[in-house]
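First comes the structure, then the notes that go with it.
All heavy atoms count here, side chains included; hydrogens, waters and symmetry mates do not.
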Amino acid sequence: MKSKQELLQEDENLNELAPKCLSKWKHSKSGGVYEICGYGFLESTLEYMVRYQCMDTGLVFIRPLAEWEELVSVGEEKVPRFVPHKETLE
């Protein structure tokens with residue numbers, strides 16, 4: 001089991017690599033736009049999680065960072081599951 005200090009250090013390291021809070025992302029399959037609300041650890045496994053909110057419905061979701069970053073099939077292509085939303089980049 002990781003110590004509190006190890007979790008805090010991992011959280012700090014991952015926050016530098018993970019999508020930034022309040023940034024908006026488009027889901028490649030659904031086309032939905034989501035805003036990053038925060039991060040945390042799944043208590044049972046200590047897996048790093050991304051908390052994000054649908055801009056259309058307000059529903060909040062939690063997904064492992066590894067899933068957030070993985071490639072998914074859209075048609076014949078493999079693309080990132082989430083891509084930065086164009087309005088965030090302007």
Same apolar cluster (I L V M F W Y, side chains within < 4.5 Å links), [X]/[Y]:
X	Y	value
M55	W25	no
I36	L59	yes
Y52	Y48	yes
I62	L42	yes

Applying side chain to side chain contact (heavy atoms under 4.5 Å, CB included) to V79 and not counting sequence neighbours gives S28, V72, V74, E77
Straight-line distance of [X] [atom1] to [Y] [atom2], nearest 0.5 Å:
X	Y	atom1	atom2	result
C21	E35	SG	CD	9.0 Å
Y34	K24	OH	NZ	14.0 Å
R63	E69	CZ	CD	12.0 Å

Can you sort out the partners of R51 under side-chain hydrogen bond (donor to acceptor under 3.5 Å, both in side chains), two or more places apart, ordered by chain and number? none
How would you list, by chain and number, every residue that makes a side-chain hydrogen bond (donor to acceptor under 3.5 Å, both in side chains) with E47, sequence neighbours excluded? none
Looking at [X] and [Y], what are the two nearest heavy atoms and their distance?
X	Y	answer
F61	C54	CE1-CB, 4.2 Å
E67	R81	O-NE, 2.9 Å
K29	S73	CE-O, 3.4 Å
Q53	G58	NE2-O, 2.9 Å

Name the orientation class of the two ring planes belonging to W68 and F82 (parallel below 30°, tilted from 30 to 60°, perpendicular beyond 60°). parallel
Apply side-chain contact (heavy atoms from CB on, under 4.5 Å) to L65 and M49, showing your working. CA-CA 5 Å; L65 178 61; M49 308 296 280; over 6 Å; no
